[in-house]
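Presented below is the structure to which this report refers.
Side-chain atoms are counted along with the backbone in the values below, which use heavy atoms only and exclude waters and symmetry mates.
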Amino acid sequence: MELAKAYDPKSAEESHYQRWETKGFFTPEINEDPDAKTYSIVIPPPNVTGSLHMGHALQHTIMDVLIRRKRMQGYRTLWLPGTDHAGISVQRKVVEQLKKVDHKSPIDIGREEFVQRAWAWKEQYGNAITEQMRREGASVDWLRHRFTMDDSLSIAVRNVFCTLYDEGWIYRGLRIVNWCPKDKTVLSDLEVKEETKKDGKLTYLKYPVIGTDRTVTVATTRPETMLGDTAVAVNPSDDRYKDLIGRTVALPLTGRVIPIIADEYVDAEFGTGAVKITPAHDPNDYQIGQRHDLEQILVMNEDATMNAAAGPEFEGLDRFVAREKVVERFTELGLLEKIDDYEITLPICERCKTIVEPILSDQWFVKMDEMRDLALDLARKGVPAFSPEVPHQKVYTAWLENLKDWTISRQLWWGHQIPAWYDEDGNVFVGRTEAEVREKAGGKELRQDQDVLDTWFSSGLWAFSTFGWNGDTTDTPDLNAFLPTDVLVTGRDIIFLWVSRMMMLTKKFTGKTAFDDCIVTGTVLGKDGKPMSKSRNNGVDPIEMFDKFGVDATRIYLASIATGADIKWNDVGVETYRNFANKIWNATRFCLMNAEGAGVDHASLIEHGGFSLPDKWIISRLNQTAIDVNAGLEKYEFHTSVSLLYHFFWDDFCDWYIELKKDEITAGSVEATTRIVTILEIALRMLHPFMPYLTEDLWLKLPGVSSSLLHAAYKNSEQTIMLTSFPVGDLAAVDKAAETEMNAVIELITKIRNIRAEMNISTAIKFSVHVAANSSFQGVFRANEAQILKLAKAEKLIIADTLDVPRASAKAVTNDASIAVPLEGLIDFDVERTRLANQIVKLTEEKDRLTGQLSNTNFVDRAPAEKVAELRERSAELEHQIETLNVNLEALD
RNA sequence: GCCGUCUUAGCUCAGUGGUAGAGCACUCGCUUCACACGCGAUAGGUCGUAAGUUCGAAUCUUAUAGACGGCACCA
């Protein structure tokens, strides 16, 4: 069989995925072993509004590597895919579409039609990301695809809500919440980010104190909120204001009279020491208001314009316009003391960047006391175990310890409508269905709560709702088989939003842990070192990378990033692995060009006494690599495994083994070719989780692949590398002696090549090489004479106890041998002197360091004896080499 | 304000107590019968700075500078 000269990723990508999927290779049911252990991962469901970005590609790669390896190890594996309904994001898309296409607003068409349109939008656009996942090669079980608003998952949401309500863990209440005036919904604390504004202002307003000629000055960054002030607070021990406590002020612009109160919250050192209190627009003021029984005056509408309570002069004005107007009016009244420049941090909406307004609002909350303890008890037992452990284990635990209640209602139409109904008197009835609630309400007229639940409420159930738990049904085969899931792979940004809530809710409703381990991936940054974003225009599209370098190259590059580390994107990294793919393609191509009569045969790797040194060495390297690759993956250190595979394939297999065996193979040795394709077959399996397309493509082309190569759990399946067993590596097959001997050969060849390069001798000129070594290495070199001559491009190898060469020779030393190449007429003595002198300098530096260390009695006394012996041996070796080089140098004169 | 992470070759990154590594770029040489997405050979770093612990520190401790992140506060 003759392969194309270069690997074409696209043709491999196009031919294999569909076959894998239609043959059912991704489903756990493919496993025929009734006693197989299970291994499961649920995907962090991407938003239906999303398209694939590098973060997904990274996480999906990690998950696929884990799943593919476990599948090859005979586990009954499930990687469950799905999507998230993404409340606000979809709502916004549909609103935009409605405006653009129909010039209508949601109110125009009403809730029912709006929701219908949202579903239509989801059907039309919501599958973009799943198609992209197929391209990625993700071995997810599409038959178990879930959407957070599927029927069963929605029933789960209602049941969880009702149970938590019945148990008093969910409550409705009037609180200061984060309000986004653009999205017109409340946000949880986690959805509010902050933005530092350097040109902020601190405005000092004077309020006249009634019954005196004094004023009290308060400072504020939001002057418009003074329209809702219901008190001025000072610290009770502040001498400046002691006599004012209990008096009242005439609140300008409102005609209202408000008290001056004393509260420990006020810091006398800050600002003027007097604070305006607006209980309806500030969380701290709200607290003070509660303590002093103050009126709460809401002065804004839901779009952050001022409402009637702000007074006719301000009603209808945007908050920022009102702010200017308040300042203007205070100036006119002579009550503006000053405006200072002040750096402030503003709360902004995570999605739309609008400045969030803290306002008093009636919302639904989850009480976090018991919920937190569920997660905290696990966290203290190290569940989930984060990778990397630092800093996540600590940060996660600390966050749980300081948890506040979770605002779960959202003023949206797209999502899970809250299963609560109100009668005309405002009494609340919570129930799983309207019928159930009607019964409770005794036939009163009811209206369902118009709000929906935070998207994270339903994603919090993802670890078990996806396996069929919905509250009505609480026992399913999948639930028993796959929960707890083995590992969750996700980004830092949703550890609190999602990871913590899955831990809590899964424990609460199933009694099980959601997952044992949690791999936290780093951030893939743009080429400018900043997070990728549309506004920065520094994004890199994974699909473009797939087209340019191939899916496999992109995957293994992503897997080569240290777990949890951020990385600046660079195409060169992917290109490196594109080249790697091509290298493997061509190595296979070479084997297949000479495969007449040969085929994969695992018996060919069992030593019967006929192995040459390169054979013993490559088998040793193969097994050691397998052991180390597995160890790396067990520790979730994907990058070390990638590096091991890269160097095994490129250095050991291609640069040395193929070159050493080339003569035998091209001469048509069936034995040699059988052995090399067998080694290749095993190595491809190790690589398969990282580079599924390339390895499948090549594996299927290898001669002699048969069902006997499939893992026992899949023995009735069709041929595919993805159902063979993942190599474990055999410590008994690791041959230290062979590695030492092979290293001596490699070093010898390298030194001879070095002489040729540095003496600038054309490869057309074949020279003789004299080698002096001890008898054991003499044997090694003799046994591999043909290979040494070929790779060093020499024509004769003279091996002896000592070197006996003319003065016009270039010389070198290795750990195990002295080398001389007679170069009569070709040698430049100055160059040779420099060469030798440089080598002497280098070795002497090392020797001096060791001598220093070994003459330090503290070191000799305290360091492990083994270490000291090692250094002594090395020192003697160096001394010998330096001596030889010096003799060689002197001989030149 | 509190907590944390990072700083290693020109670039992008590995490396957690025992002689500094990779890929790319650079230099030199190869149309060598798998691969120029290649082959061979070099060169390149006092591991941000300073002090400390240790026989020994890129690695542990402390301080400090810079970059970044999280949390809190924000009258």
*Does B:G52 have a Watson-Crick or wobble mate here (both distances under 3.5 Å), and if so which one?*
B:C60

*In the structure shown, which nucleotide is the Watson-Crick or G-U wobble counterpart of B:U42, with both distances under 3.5 Å?*
none

_Say we look at B:U54 and B:C24: how far apart would their C1' atoms be, to the nearest angstrom?_
38 Å

*How long is the line joining CG of A:Leu644 and P of B:G21, in whole Å?*
17 Å

*Which whole number of Å gives the distance between the P atom of B:C3 and that of B:U64?*
12 Å

*asked:* Measuring to OP1 and OP2 of B:G15, would you say a side-chain N or O of A:His639 lies under 4.0 angstrom away?
replied: yes

*When every nucleotide of nucleotides 34-46 of chain B is labelled 5' to 3' by its protein contacts under 4.0 Å (heavy atoms), B for base, S for sugar-phosphate only, - for none, what sequence of letters results?*
BBSBSSSSSS---

*Nucleotide forming a Watson-Crick or wobble pair with B:U31, both distances under 3.5 Å*: none

_Distance check, P atoms only: B:U42 and B:A22, in whole angstrom units._
12 Å

*Where the side chain of A:Leu202 is defined as all heavy atoms beyond and including C-beta, which of B:U19, B:A22, B:A75 is the nearest nucleotide?*
B:A75

*Counting only side-chain N and O atoms of A:Lys867, is one of them less than 4.0 Å from OP1 or OP2 of B:G18?*
no

*B:G17: pairing nucleotide in any strand, Watson-Crick or G-U under 3.5 angstrom*: none

*Could you check A:Lys661 against A:Ser669 for side-chain hydrogen bond (donor to acceptor under 3.5 Å, both in side chains), going step by step and ending with a plain yes or no?*
CA-CA 10 Å; A:Lys661 301 293 285 185; A:Ser669 163; over 6 Å; no

*With a non-hydrogen cut-off below 4.0 angstrom, is A:Val860 in contact with a base, only sugar-phosphate, or nothing?*
nothing

*Of all the heavy-atom pairs spanning A:Val769 and A:Ala794, show the shortest one and how long it is.*
CG2-CB, 3.7 Å

*Would you say the side chain of A:Gln787 lies within less than 4.5 Å of the side chain of A:Val745, judging by non-hydrogen atoms?*
no

*asked:* Counting the atoms with a prime plus P, OP1 and OP2 as sugar-phosphate, which does A:Ser643 contact under 4.0 Å by heavy atoms, base, sugar-phosphate, or nothing?
replied: nothing

*Have a look at A:Asp285 and say if it touches a base, only the backbone sugar-phosphate, or nothing, with a 4.0 Å heavy-atom cut-off.*
nothing

*Tell me what A:Ile277 touches on the nucleic acid: a base, only sugar-phosphate, or nothing, going by heavy atoms under 4.0 Å.*
nothing

*Expressed in whole Å, how much space separates the P atoms belonging to B:C60 and B:C6?*
9 Å

Between N or O atoms, less than 3.5 Å apart, protein on one side and nucleotides 68-72 of chain B on the other: list the pairs.
none

*Neighbour count >12 (heavy atoms, 6.0 Å) for atom NZ, A:Lys530*: no

*asked:* If you count heavy atoms of other groups shown closer than 6.0 angstrom to CD of A:Glu795, is the number above 12?
replied: yes

*Whole-Å C1' distance, B:G69 and B:G23*: 28 Å

*Determine the interatomic distance between P on B:C73 and the same-named atom on B:C2; round to the nearest Å.*
15 Å

_Heavy-atom check, side chain of A:Phe638 versus side chain of A:Thr61, under 4.5 Å_ = no

_Students often get this wrong, so: under 4.0 angstrom with heavy atoms, is A:Val218 touching a base, only sugar-phosphate, or nothing?_
nothing

*Could you let me know what B:U5 is paired to, Watson-Crick or G-U wobble, both distances under 3.5 Å, or none if it's on its own?*
B:A67

*Write down the distance separating the P atoms in B:C35 and B:U31, rounded off to the nearest Å.*
15 Å

*Whole-angstrom distance between B:G21 and B:C28, as gauged at atom C1'*: 23 Å

_Residue whose closest nucleotide on RNA chain B lies nearer the 5' end, A:Lys394 versus A:Ala565_ = A:Lys394

*Looking only at side-chain N and O atoms, does A:Tyr646 come under 4.0 Å of OP1 or OP2 in B:G21?*
no

*Assign A:Ile567 to base, sugar-phosphate, or nothing according to its heavy-atom contacts below 4.0 angstrom with the strands shown.*
sugar-phosphate

*asked:* Restricting to side chain to side chain contact (heavy atoms under 4.5 Å, CB included), what partner residues turn up for A:Lys206, sequence neighbours left out?
replied: A:Thr215, A:Thr217, A:Leu335, A:Glu337

*Positive for ring pair (Phe, Tyr, Trp, His ring centres under 6.0 Å) with A:Tyr7, one of A:Trp585, A:Phe580, A:Tyr577*: A:Trp585

*According to the Watson-Crick and G-U wobble definitions, with both distances under 3.5 Å, which nucleotide is paired to B:C24?*
B:G10

*Is it true that the side chains of A:Glu747 and A:Thr750 contain a donor and an acceptor less than 3.5 Å apart?*
no

*Check the distance between B:C28's C1' and A:Asn838's CG and give it to me in whole angstrom.*
15 Å

*Taking C-beta and beyond as the side chain, do A:Val395 and A:Phe496 meet within less than 4.5 Å on heavy atoms?*
yes

*Would you mind classifying the nucleic acid contact of A:Asp282 as base, sugar-phosphate or nothing, using non-hydrogen atoms under 4.0 angstrom?*
sugar-phosphate

*asked:* Taking NZ in A:Lys842 as the centre, count heavy atoms belonging to other residues, nucleotides or ligands within less than 6.0 Å. Is the count above 12?
replied: no

*Of A:Asn858 and A:Ser560, whose nearest nucleotide on RNA chain B comes first from the 5' end?*
A:Ser560

